[in-house]
Amino acid sequence: MKGAPRSEQFDDVYFSAQDGFAETLHVFLDGNDLPERWAGKERFVIAETGFGTGLNFLAAWSLFEATTAPNQKLDFISFEKFPLDREEIELHLQPWKREFPELLATLLKKYPLLVPGFHRAALSERVSLTLVFDDVNKAVAQLETPVDAWFLDGFKPSTNPDMWSATVFENMARLSKEGTTFATFTAAGEVRRGLGTAGFDVRKVPGFGTKRDMLTGTFKGLDQEGLNQGAGK
Ligand SMILES: C[S@@+](CC[C@H](N)C(=O)[O-])C[C@H]1O[C@@H](n2cnc3c(N)ncnc32)[C@H](O)[C@@H]1O
């Protein structure tokens, strides 16, 4: 059993206390059908709500290195309102440092100062990380990059409703294209409905560990009456 850092403010853990890395693989990577979805694409963009320790990012980067060709690039964008500092990240990721020793060292080296705003860093020739230290509701409206996959990881909706707002879902729709996917650890009804209203085809699938369900889905868009194109198909 591995422990997990916890937020008192939101009464939730940053990742599963059972095994955070296995949770990331199940929820966010398998949930977005990776690596299949980035196969053959020259550029793939992932956007995440809640960078936290960077565990999801490191797992995605590691999988990208293992499964892509030299001409492929990954752009990872993550929103974080309450950034951890470098020492906290290093401490919390100790249990998995053998999974990606060099990638973790590079992340720690390039991790920005905790100053609000957009911070973009080239972590390798093929992988860039844009950390946005701000409230996602404010910052997501400033993003203009089309997104291929969303990782929704912002503490549970019951204690952190801000992370699951109509503003977030509407901007997700604005930045998504046909085939864009999302995955999240929660199966809360308001998240299911919010993403459906924004134009995502939402599926309830088995969750990780003790969580019975989670959500995944694909962007279908809205028709002229504002109805979900994927609903009922
Ligand atoms: C469950 S943790 C994310 C775990 C992370 N993905 C990882 O790999 O460690 C949720 C994160 O969302 C951040 N957060 C909470 N409310 C936010 C908001 N309104 N805007 C941006 N980030 C927020 C928290 O500070 C926390 O780091």
Side-chain angles (χ1 to χ4, degrees), residues 2-32 34 46-63 76-97 99-100 103-104 107-108 111-112 114-119 129-143 149-172 182-188 191 194 207-209 211 214-215:
K2 290 167 174 170
R6 187 176 183 85
S7 161
E8 292 305 322
Q9 184 181 355
F10 296 109
D11 181 32
D12 202 359
V13 283
Y14 278 73
F15 40 71
S16 161
Q18 206 178 332
D19 187 338
F21 184 58
E23 179 185 43
T24 291
L25 299 182
H26 175 78
V27 176
F28 298 103
L29 301 184
D30 290 351
N32 274 295
L34 300 172
I46 296 175
E48 175 184 55
T49 55
F51 186 73
T53 65
L55 180 59
N56 288 343
F57 166 65
L58 288 165
W61 182 9
S62 176
L63 184 67
F76 194 102
I77 301 158
S78 189
F79 299 95
E80 178 54 62
K81 186 175 179 182
F82 310 103
L84 298 172
D85 65 29
R86 196 177 277 120
E87 287 70 33
E88 289 170 309
I89 290 180
E90 190 168 16
L91 175 73
H92 295 322
L93 293 184
Q94 280 302 309
W96 299 285
K97 71 172 183 219
E99 302 285 345
F100 26 60
L103 305 191
L104 175 58
L107 171 66
L108 293 173
Y111 192 68
L114 307 189
V115 174
F118 282 64
H119 305 270
L129 171 65
T130 304
L131 273 170
V132 189
F133 290 156
D134 208 340
D135 189 309
V136 65
N137 289 283
K138 190 172 142 211
V140 72
Q142 296 168 37
L143 200 66
W150 293 93
F151 292 7
L152 304 182
D153 196 14
F155 292 138
K156 56 190 173 189
S158 56
T159 56
N160 193 17
D162 281 1
M163 206 61 159
W164 311 91
S165 66
T167 302
V168 171
F169 299 149
E170 283 159 15
N171 277 283
M172 283 175 62
F182 79 86
T184 180
F185 66 91
T186 182
V191 174
F208 178 78
K211 292 205 174 86
M214 57 174 258
L215 302 176

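A quick note: this is a predicted structure, and the numbers were derived from the prediction, not measured. Both counts, for ligands and for their atoms, begin at 1 and track the order of listing.
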Does one side chain, of [X] or [Y], offer a donor that lies under 3.5 Å from an acceptor on the other?
X: Asn137; Y: Asp135; result: yes
X: Ser7; Y: Asp12; result: no
X: Glu23; Y: Ser16; result: no

Quick check on contacts: which atoms of ligand 1 are under 4.0 angstrom from a heavy atom of [X]?
X: Asn160; result: 15 (C), 16 (N)
X: Thr53; result: 7 (C), 8 (O), 9 (O)
X: Lys81; result: 17 (C), 18 (C), 19 (N), 20 (N), 21 (C), 22 (N), 23 (C)

Compare all side-chain heavy atoms of Phe15 with those of Thr24 and state whether any distance is below 4.5 angstrom.
-> no
Could you check if a side-chain atom of Asp11 sits within less than 4.5 angstrom of a side-chain atom of Lys156, using non-hydrogen atoms only?
-> yes
Does ligand 1 have an atom under 4.0 Å from some heavy atom of Glu48?
-> yes
State if Asp134 counts as touching ligand 1 under the rule of any non-hydrogen atom under 4.0 Å.
-> yes
Heteroatom proximity flag, Leu55 to ligand 1, N/O under 3.5 Å | yes
Proximity of [X] and [Y] rings by center, below 6.0 Å:
X: Phe76; Y: Phe151; result: yes
X: Trp164; Y: Phe155; result: no
X: Phe21; Y: Phe100; result: yes

Can you tell me the protein heavy atom closest to [atom] and the distance?
atom: atom 24 (C) of ligand 1; value: Glu80 OE2, 3.3 Å
atom: atom 10 (C) of ligand 1; value: Asp153 O, 3.1 Å
atom: atom 20 (N) of ligand 1; value: Val136 N, 3.0 Å
atom: atom 12 (O) of ligand 1; value: Gly50 CA, 3.4 Å

Checking heavy atoms under 4.0 Å, the part of Phe51 that sits near ligand 1 is backbone
Of the backbone atoms (N, CA, C, O) and the side-chain heavy atoms from C-beta on, which set of Met163 has a member under 4.0 Å from an atom of ligand 1: side chain, backbone, both, or neither?
-> side chain
